[in-house]
Every structure is written in C-alpha cells, then in structure tokens.
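Only heavy atoms go into these numbers, but all of them, side chains included; no hydrogens, no water, no symmetry mates. Naming convention: chains lettered A, B, ... in sequence-line order (proteins, then strands); numbering from 1 in each chain.
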Number of protein chains: 2
Amino acid sequence: MAHLHETACPGCESPDLAFARHDHAHCASDALTRAEALAAARGVRLTPVRRRVLEILLEEHRALGAYDVLNRLAAEGFGNQPPVAYRALDFLEEQGFAHRVRRLNAFAACMHPGEAHSPAFLICRACDKLSEAPAAPIRAALEAAGAEIGFTVEGSSVEALGLCPDCRGAGK
Amino acid sequence: MAHLHETACPGCESPDLAFARHDHAHCASDALTRAEALAAARGVRLTPVRRRVLEILLEEHRALGAYDVLNRLAAEGFGNQPPVAYRALDFLEEQGFAHRVRRLNAFAACMHPGEAHSPAFLICRACDKLSEAPAAPIRAALEAAGAEIGFTVEGSSVEALGLCPDCRGAGK
DNA sequence: AGATACACTGTAATAGTATAACATTGCAAG
DNA sequence: CTTGCAATGTTATACTATTACAGTGTATCT
Ligand SMILES: [Zn+2]
Ligand SMILES: [Zn+2]
Ligand SMILES: [Zn+2]
Ligand SMILES: [Zn+2]
C-alpha cells in the first residue's frame, strides 16, 4: 500500500501519526500526490478549486467547516458562495480524498487515500486535532452486530471524542 | 436488567426489535415507564413538555428532527420556538432517555434507558427505521484503536447506514 | 404566609449549516 | 464548428441550532 522512499516515511506508516510529532509537510504532500495519481487513474479531474480545497484540508490534522474552507477560497479569488465549497468537498468525499466528520459538521483530508477504509475518527476535545484510526476491527464488530438482526451494513460513521496523548499529558 | 412480566416481553429482550414485528405499544410504554422511574430516582423532573417529547420519539423506531418534534409540540399548545424542542431533547439526552443521531441531525428515543451504553445505531436507508445495537464490542475495538496511539476515548458515536431485513427482502 | 432562590418555559432574534435552481464558462467529442 | 457535458458562479432559500432575555411556577426558608 505505501509508496516507496529512499528513507523512512513517517507520514506513511500505521498507525496514524496525527498526534505524534512528524514531518507534516511530507505527510500532507504525500497525501496530495496520491490523490492526484488516483484522480488521473480514475479519469476524474482534480480541478484548481478541488485541489486547493484538498490542500487547505491537508494543512493540519484538523477538520474544517465548509464555511471556513469557503472563506479561504474567497480570499484567494474563487467563488464566495456556499456551493463552491460544498461541491468541492462533496467531490473529495466521493473520491475518498476527504471525509465528513459529522460530530463537528466539518471535513477532514483523508490521510491515506486509495486504501479502502471506512474511517474511524479519534477527535481530541481539547486541541481539535483528529486521527483516522484503523477501523477494520470496528467495522467487523459493527457488521456482526447488524448480522444478528439481519441488518446489512453498507456504510458507517464511527467517531470518538476524547483526549489525545499531548493534551492528556498537559492535564486537560 | 429487564423488568418483570407475567408473560414474555418482546420489547425487553436483546437484541433490539426495531426491525422485527413486535408489540410496539408495549415496547414504547415500557421505555416510558423506565424513564419515569429513573427520573424520580435521580430527582430530576420529567415535566409535561419533556414527557411529551419522549412520547413523540417513542411512537416509532425512527429518528425525528428537532423541528419535527417542535411542530408537533406547537400543534398541541406548547411553545413554538426552537429552544422549546431543543431544551427538552437536550434534557432527554443528558438523562440517557434519548440519543442524538448525528448522521440524520435527528433524535431517537432510547429503547433501554438506564442501562449504561454508548449506543451504536443501525439505520435503514430505505425505511428510515433505526435500531440500537449492542455496542460493547464496538466500543472495545474503538478503545483499543485509541490506546494504540495513546488516545483516551471518552465518548463515541457509531452509526451504520444500510438495509434492514424487511427492506432487504423487498429488494430495495 | 411572605420572601427568596432557582428551575423551567416562552419568545424574539440571530448564527451556523446545507441545498435547490438557474446562468455562465470552458473543454471534449463528433 | 457545434453540440453536449462537466464544472463553476451566483442568487435565493431551507434547514439546524444557539444566545439572550422575560415571565412563570415551584420549592425552601424564615
Ligand atoms: Zn501529518
Ligand atoms: Zn489534543
Ligand atoms: Zn419497539
Ligand atoms: Zn428498512
């Protein structure tokens, strides 16, 4: 799954490094590169607005509201009406380049686009950072729970609120 | 945990019967009775608005938006401004008598109030009914995922979208 | 009972999130 | 070229949620 580097790639290892010190410039540009490759392979267009929105989301391990994104777009000369942001965000979500975080009414860049995953988010209530956790076991448990009553799980949103290691250390 | 009946109590067995044929009048009145007892035991007041909102939520295994609830309240002579509904819903959620379903921006009655549980919801995309699934294994998996990177899970929302047995049978 | 305190409800105003509908632009296939 | 389609821009509107303040009832303490 991971791409190849000459040197170790802190952005590409599991588990997610959102809460750890890491080379985030690499982490972000790596995700962007992978999204570009995937878009090309799928024959969909990562247009300027869409690409810029993804870059904005990638700047931090944090979820941004549609209107936060929109304000930044507007300041950079793109349209300044809600659909501009929502359309780009919807596109990114469809392509698996970003996820919607329902608990926050916000959106976050996907940190490992291309790998099939139904994301599980760990959201720090103190610093607002968030991490995409390995969700396979969770998804399995959810499907098992569904199966017991004949329910077929097609999609899921799993979001935990809590304290990240840093904020826990700081005694929040 | 379950209360006692002379006869079998379809509303009080696990797993949740939302998608199965069951005596829902019983199922609902049972949940209401338990909420009343819990409120009394805790010294909190299940006032007329609050109680009515819970009854409304209990009418079906379905989530209702705050404004759906509000419209019904207004039609029955209660206040007709948003806070009337939101305050009652917040109260019910705090007391564990109802849950917020983030995926739907809506609220659903808890079908087994009093039992400690972080709920997992199974939401049918065809008929909109929803079921509270046993969430302990899911919660455990989520906490394990968090622990791996030092994240402490305090609360979680787990919501699956899919097809219930009936709608699956009907070929939706 | 009267005074006090506080929880609950009512209401108005506003903030925040999201979509529908239609006009315009820009590229791609025929 | 022109026809079609995808993407963007723009207006208006719908839906969700909170803040702030006023009034009312209920419990408690003299
Ligand atoms: Zn990073
Ligand atoms: Zn944190
Ligand atoms: Zn029932
Ligand atoms: Zn169904």
Side-chain angles (χ1 to χ4, degrees), chain A residues 35-36 39-40 42-57 62-95 97-108 123 128 157 159, chain B residues 35-36 39-40 42-57 62-95 97-108 123 128 157 159:
Chain A
E36 278 170 340
R42 291 174 190 165
V44 298
R45 295 177 7 175
L46 195 55
T47 61
V49 213
R50 291 167 175 177
R51 191 193 147 101
R52 188 69 194 111
V53 170
L54 181 52
E55 287 172 0
I56 290 169
L57 292 182
R62 174 175 277 104
L64 290 181
Y67 282 75
D68 295 331
V69 171
L70 178 59
N71 289 338
R72 308 221 13 198
L73 289 178
E76 297 174 19
F78 294 97
N80 70 128
Q81 297 304 314
V84 173
Y86 280 102
R87 282 195 288 237
L89 290 165
D90 289 348
F91 168 85
L92 294 174
E93 197 184 11
E94 273 161 26
Q95 297 300 322
F97 302 160
H99 299 295
R100 184 186 281 250
V101 185
R102 307 205 96 101
R103 185 130 193 170
L104 304 175
N105 291 325
F107 300 81
I123 308 165
D128 279 341
S157 59
E159 303 171 4
Chain B
E36 279 171 339
R42 291 174 190 164
V44 298
R45 294 171 39 194
L46 194 56
T47 62
V49 213
R50 291 168 175 176
R51 190 192 148 103
R52 188 69 194 112
V53 170
L54 182 52
E55 286 172 0
I56 290 169
L57 292 182
R62 175 177 276 103
L64 290 181
Y67 282 75
D68 295 332
V69 171
L70 179 59
N71 289 339
R72 309 219 14 197
L73 289 178
E76 297 174 18
F78 293 97
N80 69 128
Q81 298 303 314
V84 173
Y86 281 102
R87 282 194 289 235
L89 290 165
D90 289 347
F91 169 84
L92 294 174
E93 196 185 11
E94 274 162 25
Q95 297 299 322
F97 302 160
H99 299 294
R100 183 185 281 251
V101 184
R102 308 206 94 101
R103 184 130 193 169
L104 305 175
N105 290 325
F107 301 81
I123 308 165
D128 278 342
S157 59
E159 302 171 3

*Between B/Arg100 and D/dA17, is there a side-chain N or O to OP1/OP2 distance below 4.0 Å?*
yes
*Atom OH of A/Tyr67 to atom C1' of D/dA17: distance rounded to whole Å?*
14 Å
_5'-most by nearest nucleotide on DNA chain C - A/Asn105 or B/Val44_ = B/Val44
_Under 3.5 Å: donor-acceptor pair, side chain of B/Gln95, backbone of B/Ala39_ = no
_Per A/Arg45 side chain, nearest of listed nucleotides D/dA7, D/dA17, D/dT8_ = D/dA7
_Tell me which residues in residues 73-83 of chain B lie within less than 4.0 Å of DNA chain D, going by non-hydrogen atoms._
B/Pro82, B/Pro83
*Which atoms form the tightest heavy-atom contact between B/Asn80 and B/Ala74, and what is the distance?*
CB-CB, 3.5 Å
_Pairwise 5' ranking along DNA chain D for B/Asp90 and A/Val49, keeping only the more 5' one_ = A/Val49
*What are the two closest heavy atoms between B/Phe107 and B/Leu57, and how far apart are they?*
O-CD2, 3.5 Å
_Can a donor-acceptor pair be found, under 3.5 Å and without considering hydrogens, that links the side chain of A/Arg100 to the backbone of A/Glu93?_
no
*Heavy atoms of chain B, cut-off under 4.0 Å: which first and last nucleotide of DNA chain C, 5' to 3', fall inside that, if you could look?*
C/dC8 to C/dA12
_Assuming nearest nucleotide by heavy-atom distance, tell me which of B/Ala88 and A/Arg87 is located more 5' along DNA chain C._
B/Ala88
*Heavy-atom donor-acceptor pair, A/Arg103 side chain to A/Ile123 backbone, under 3.5 Å*: no
